Amino acid sequence: MSNPTVAAISTPSGEGGISVIRISGDDAIAIADSCFCAFSGERLSSLAGYRAAYGEVKDSDGAVLDDGVALVFRAPKSFTGEDTVEISIHGGRVVARGVLRRILECGAKLAAGGEFTKRAFLNGKLDLAKAESIMGVISARSDAALKISQAAKSGSVSRKTEEICEKLLHTAACFAAYSDFPDEDIPDLEPEKFISLLSSCEEELSRLIEGFDMGRVVSEGIDCAIVGKPNVGKSTLMNLLSRSEKSIVTDIAGTTRDIVETTVTVGDITLNLADTAGIRDTADIVESLGVKRAIERTKTAGIILAVFDGSSPLDNDDRLLIEEIKDKNALIVLNKSDLGSNTTEKDFEGFTVITVSAKNGAGEKELAAAIEKLVGFKNLSPDDTILITERQRDCAKRAKGFVDEAMASYNAGVTLDAVGVMVDSAVEALLELTGKRVTNEVSDEVFKRFCIGK
Ligand code: GDP
C-alpha cells in the first residue's frame, strides 16, 4: 500500500525552545534529504532508524533557513508505522513555517488534523480507543484527567473491551454448538452457564458505562454555580479558587450583575465555575435579570456553592436562597470567618456547612474535600477502566443493550440461534469501540477532532 508523504509542524505555534516538523510517508526520508544537509556530509537515506544528524535546512537557492537535528525513523518502527523524519529546529513561528514551506516544496503534502495518528491507526500501530486516549493526554486539564487518559493509552480500555468481547464470542459459539447438538450431553454446553457468562458481561459493561460519568467529571469538570445574596463574598471566593481577579470585588451590593465563568481545579476536580449575580429581591431591572439567571443556574449546575456571610445573622434573602437550593446538590459556604460567627449549624439543617474566609484563604482545604465528596468523586485506582469518549460509551451502551436483549429473549424461550445473533451484535458494537471493525466515517469523525501535527 502506498503512503503519500505528509508534513506538519508538530509543536504549538509561538516562540519556544524548539519546533519540530514531522514528515511521514514513503518519501519522507528522500524529501528530507532534498532540503536537509548534514554537517557530516551523510545523507539521511544512509542512516538506520532512530539515528540523528545535525545539519542545516536549505532553501531552493541554497540559503540556510535554520540549523537543527533530523531524526530518522524507519517503517514500521515509528509512531505512524511509516518512514518518518522529525526535524527539530529553533522554536519560532516564522522559522518553523519557513522550513515547513520548504518541505512542502520538496514534495510533501500538508498533513490534515490528526493525520499522523490516523495513519498510526490505519497501519495497526494503535487501536481507536488508544488513539482517542492520546487526544485525552494532550488536552488533560488536571492530574486526574491525565491519569485516566494515560491508563487508556496504556491499553486499559482496549484490554477490558477485548476481555468482554472474548467472553461474548465464547458464549455465541456455545449457543451455536448447543443449537446444532441439543441432544448431546456436553457439560460445557449448558445454557445456564452461557446465561451466567452473559450476565457477568452485562455487569462489566454496566460498570464501564457508569465509570464514564465519573471520568467525564474528572476530564471535563463539573458545572458549579456560586450563589448567594450580594456582598457575602461570592466573587472573592471565585477569585480565591481561580487564583485570579476574574470577578469584580467591591463592597457595593449588586456589583456582579451577570454571570462570570472560569475553570478551576479544586483538589482533583475541575470545576466550571459560574459566579452569579447576588440573589435578592431587587427593583433594579438589570440586576433582577442577573438574579433570574442566577436562579436558572441553580437548576442546571452539577453542584452549587451557596455562600452566606457567617458574620451576620441570616435575613430574608438568605432564607429565600436556602429555600431555592433545598433538594439540590449544594454546599453551604459560610464566609467571612475572620469576622466571627453569627449563624449556627441549625440555620442550615440538612446541608453540609463549610466555614471559610475567602479573603484570607482559611478553610480552603476543607472546602476542596467537601466538594470532592459532594461530587461523589473517588480517587481512581490504576485498575479502574474508564471510557474516555462519548463514542466509546455509546458502543458500550449498544453492546449492553444487545446482551440485555439476548438474556431476556433466552428467558422468553426464543430459539438459541436467535439469541446468538444478539450476542454477535453485542460483539460488533465492542469491535467498533476498539476500532477493529469500524467504518471510515466513524474513524474520520474521531480524527477530525485532533490538531494539525498530531
Ligand atoms: P459578592 O457580592 O458576594 O460577590 O461579594 P464580594 O466578593 O464582592 O465581596 C463583598 C465584600 O466582602 C468585599 O469588600 C470583600 O472584600 C469582602 N469579603 C469577601 N470575603 C471576605 C472574607 O472572607 N472576610 C472579610 N472580612 N471580608 C470579605
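Indexing begins at 1, ligand by ligand and atom by atom, following the structure's order. Note that the structure is predicted; figures quoted are calculated from it, not measured. The analysis underlying the following values was restricted to heavy atoms, covering all of them including side chains, and did not include hydrogens, waters or symmetry mates.
Contacts between Asp338 and ligand 1, counted as non-hydrogen atom pairs separated by less than 4.0 Å, involve the side chain only. When non-hydrogen atoms are compared, ligand 1 lies under 4.0 Å from the side chain of Asn335 (C-beta onward) but not from its backbone. Residue Leu339 touches ligand 1 through its side chain alone, judged by heavy-atom distances below 4.0 Å.
In terms of polar-atom proximity, defined here as any N/O pair under 3.5 Å, Val356 makes no such contact with ligand 1. Between Ser235 and ligand 1, at least one pair of N/O atoms sits closer than 3.5 Å. Considering backbone and side-chain N/O atoms, Ala358 comes within less than 3.5 Å of an N/O atom of ligand 1.
With salt bridges taken as basic N to acidic carboxylate O contacts below 4.0 Å, one links Glu432 and Arg398. Ion pair Glu105/Arg102 flagged as a salt bridge, since at least one NZ, NE, NH1 or NH2 atom sits closer than 4.0 Å to an Asp/Glu carboxylate oxygen.
Listed by first and then second residue, the salt bridge (Lys or Arg N to Asp or Glu O under 4.0 Å) pairs involving residues 346-360 amount to none (not counting sequence neighbours).
Side-chain N/O atoms of Asn342 and Ser312 include no donor and acceptor closer than 3.5 Å.
Atom numbering of ligand 1 starts at 1 in the shown order; those under 4.0 Å from a heavy atom of Thr236 are 6 (P), 7 (O), 9 (O), 15 (C), 19 (C), 20 (N). Close contacts of ligand 1 with Lys234, meaning ligand atoms under 4.0 Å from a residue heavy atom, involve 1 (P), 2 (O), 3 (O), 4 (O), 5 (O), 7 (O).
Residue contact annotation: Gly228 has no non-hydrogen atom under 4.0 Å from ligand 1.
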When you look at Ser24 and Thr80, which way does the side chain to side chain donor-acceptor pair (under 3.5 Å) test go after all the steps?
CA-CA 7 Å; Ser24 178; Thr80 56; 2.9 Å; yes
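For Tyr410, the ring-ring contact (aromatic ring centres under 6.0 Å, His included) criterion is met by no residue, not counting sequence neighbours.
Taking the six-membered ring for Trp and the full ring otherwise, the centers of Phe73 and Phe79 sit at least 6.0 Å from each other.
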